[in-house]
Number of protein chains: 2
Amino acid sequence: MDDIDLKILEMLRKNARESLANIGKSVELSAPAIGKRVKQLEEKGIILGYSLKLNHEKLGIRTKAYIILKIHQSSTLKTAYNQIAHLTEVQRCDRITGDDCLCILAFFKDNKELITFLERISQYGVPNTSILLES
Amino acid sequence: MDDIDLKILEMLRKNARESLANIGKSVELSAPAIGKRVKQLEEKGIILGYSLKLNHEKLGIRTKAYIILKIHQSSTLKTAYNQIAHLTEVQRCDRITGDDCLCILAFFKDNKELITFLERISQYGVPNTSILLES
DNA sequence: ATTTTTAAATCGATGTCGTCCATTTGTAAT
DNA sequence: ATTACAAATGGACGACATCGATTTAAAAAT
């Protein structure tokens, strides 16, 4: 990891489909050199993958919510986490300090979907929901 | 927006550097056809860009925190939002329901950086911090 | 100080990829 | 049936990614 690697990451963060040739021009290195560096960044696990920035509203998302889930004594945090983190609506799921809590960020088409979601996760704990108004 | 577009988005979400030719094979369409569809998805603003999934820990991030910022009466939510959302440490910044609050997700190299950040945003409101333990 | 070793870059070659244009196909409307 | 329009195909061409061989450069060892 040197300054050139950082520059590569910065450029790919801005546009993950940027060509290696173009990146090469910016850092004054040949395309194969960039290719090898990127491959190494992947192998080291620094680059985990390449993804999309989407306009969720245009895909029908009308409700986004943070849900703090206070886990029941009867349930374990780990199982709750594993079950919830992979649900399609969930964008982030983090264990946080304080009481045994999960902080869940999830996107929904409508409020009905949100309610269904809340009912589903209620088996693991008590949800406290905040709707996102502006992002 | 049809099923093919959805499939394209799904494939690019998994790997934004996937070649148009490969996507074409999956949906049984030619590469130029995929190229045009992707371009349209960009022009419609559905695809906002292509980005990186990074392992932040391997880049020196040791502290991640959610910070609920209860905005002062003296400060306006809008100015606070605009100032804070663009700080380098900030990953997400959302206005949420309830009191005049911002929910900030931010990453830090160490706790010292977190403290500096909290001091900086204290001019806009009262921060309430939860550290992320597991993601 | 010289040699050896290693990592990393360049160069040239090759196959793949993305994009352009002209043409074709398919669908909906009159 | 004719027209009109949107979208896909196919071929061509320039750009791109990747491979192997070679060169360069810096660090390690003698």
Side-chain angles (χ1 to χ4, degrees), chain A residues 1-62 88 91 107-110 113 135, chain B residues 1-62 88 91 107-110 113 135:
Chain A
M1 278 293 306
D2 57 11
D3 285 354
I4 293 176
D5 284 333
L6 283 176
K7 188 79 196 293
I8 292 172
L9 291 181
E10 192 193 322
M11 288 192 73
L12 286 175
R13 200 176 50 78
K14 281 184 190 155
N15 175 18
R17 284 183 77 84
E18 186 65 84
S19 74
L20 305 184
N22 262 346
I23 298 172
K25 283 172 197 161
S26 297
V27 299
E28 301 194 325
L29 238 56
S30 67
I34 305 297
K36 283 167 199 166
R37 279 170 176 270
V38 169
K39 199 173 197 181
Q40 283 171 6
L41 289 167
E42 290 168 353
E43 286 165 353
K44 284 182 196 163
I46 293 173
I47 293 179
L48 298 173
Y50 306 90
S51 72
L52 270 185
K53 281 179 277 185
L54 289 172
N55 185 327
H56 299 283
E57 284 73 19
K58 295 199 175 174
L59 287 168
I61 297 299
R62 300 231 183 75
T88 56
Q91 300 288 316
F107 294 174
F108 306 96
K109 287 208 197 83
D110 48 41
E113 224 180 69
S135 309
Chain B
M1 277 293 308
D2 57 12
D3 286 354
I4 293 176
D5 284 333
L6 283 176
K7 188 77 197 295
I8 292 173
L9 291 181
E10 191 193 322
M11 288 193 72
L12 285 176
R13 201 177 48 78
K14 281 183 190 157
N15 175 18
R17 285 183 77 85
E18 187 65 84
S19 74
L20 304 183
N22 263 347
I23 297 172
K25 283 173 196 161
S26 297
V27 299
E28 301 194 326
L29 237 55
S30 66
I34 305 298
K36 282 167 200 165
R37 278 170 177 269
V38 170
K39 198 173 195 180
Q40 283 170 8
L41 288 167
E42 290 167 353
E43 284 165 353
K44 283 181 196 163
I46 293 173
I47 292 178
L48 298 173
Y50 307 90
S51 71
L52 269 186
K53 281 179 277 186
L54 289 173
N55 185 326
H56 299 283
E57 284 72 20
K58 294 198 176 176
L59 288 169
I61 296 300
R62 302 230 183 78
T88 56
Q91 300 287 317
F107 294 174
F108 307 95
K109 288 209 197 84
D110 49 41
E113 224 181 69
S135 310

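The chains referred to below are lettered A, B, ... by the order of the sequence lines, with proteins before strands, and numbering in each begins at 1.
The CG-C1' distance, from A/D2 to C/dA7, rounds to 12 Å in whole Å. Computed from coordinates, the A/I8 CD1 to C/dA9 C1' distance equals 13 Å when rounded to whole Å. The nearest whole Å value for the distance from the CZ atom in A/R37 to the C1' atom in C/dT10 is 14 Å. Distance B/Y50 OH to C/dG18 P: 11 Å, rounded to the nearest Å. Atoms CG (A/D3) and P (C/dA8) sit 15 Å apart, rounded to a whole Å. Following rounding to the nearest Å, A/K44 (NZ) and C/dA7 (P) show an atom-to-atom distance of 12 Å. Atom CE of B/M1 is separated from atom P of D/dA7 by 14 Å (rounded to the nearest Å). Going from atom CD1 of B/I34 over to atom C1' of C/dC17 covers 14 Å, rounded to whole Å.
Under the rule for a side-chain hydrogen bond (donor to acceptor under 3.5 Å, both in side chains), B/N55 has no partner lying at least two apart in sequence or in another chain. In this structure, A/D3 has no salt bridge (charged side-chain N to carboxylate O under 4.0 Å, His left out) partners at least two apart in sequence or on a different chain. Taking the ring-ring contact (aromatic ring centres under 6.0 Å, His included) definition, one finds that B/F108 meets it with B/F117, sequence neighbours left out.
Remark: B/I46 CD1 to A/E57 CD distance equals 12.0 Å, nearest 0.5 Å. Note: B/I4 CD1 to B/I23 CD1 = 12.5 Å, rounded to the nearest 0.5 Å.
The shortest heavy-atom contact between B/Y50 and A/K53 is N-CE, 4.1 Å.
Contacts classified as side chain to side chain donor-acceptor pair (under 3.5 Å) and involving residues 21-31 of chain A (residues at least two apart or in different chains) are given here: A/E18-A/N22.
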Determine, for nucleotides 16-28 of chain D in 5'-to-3' order, which nucleotides have protein heavy atoms under 4.0 Å from the base (write B), from only the sugar-phosphate (write S), or from neither (write -).
-> SSBB---------

Per-nucleotide protein contact string for nucleotides 23-29 of chain C, where B marks a base within reach and S marks sugar-phosphate only (heavy atoms under 4.0 Å, - for neither) = -------

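Counted within 6.0 Å of NZ on A/K44, heavy atoms from surrounding residues, nucleotides or ligands total more than 12; the atom is thus considered enclosed.
In terms of modelled atom types and a separation under 3.5 Å, the side chain of A/E10 and the main chain of A/L6 share no donor-acceptor contact.
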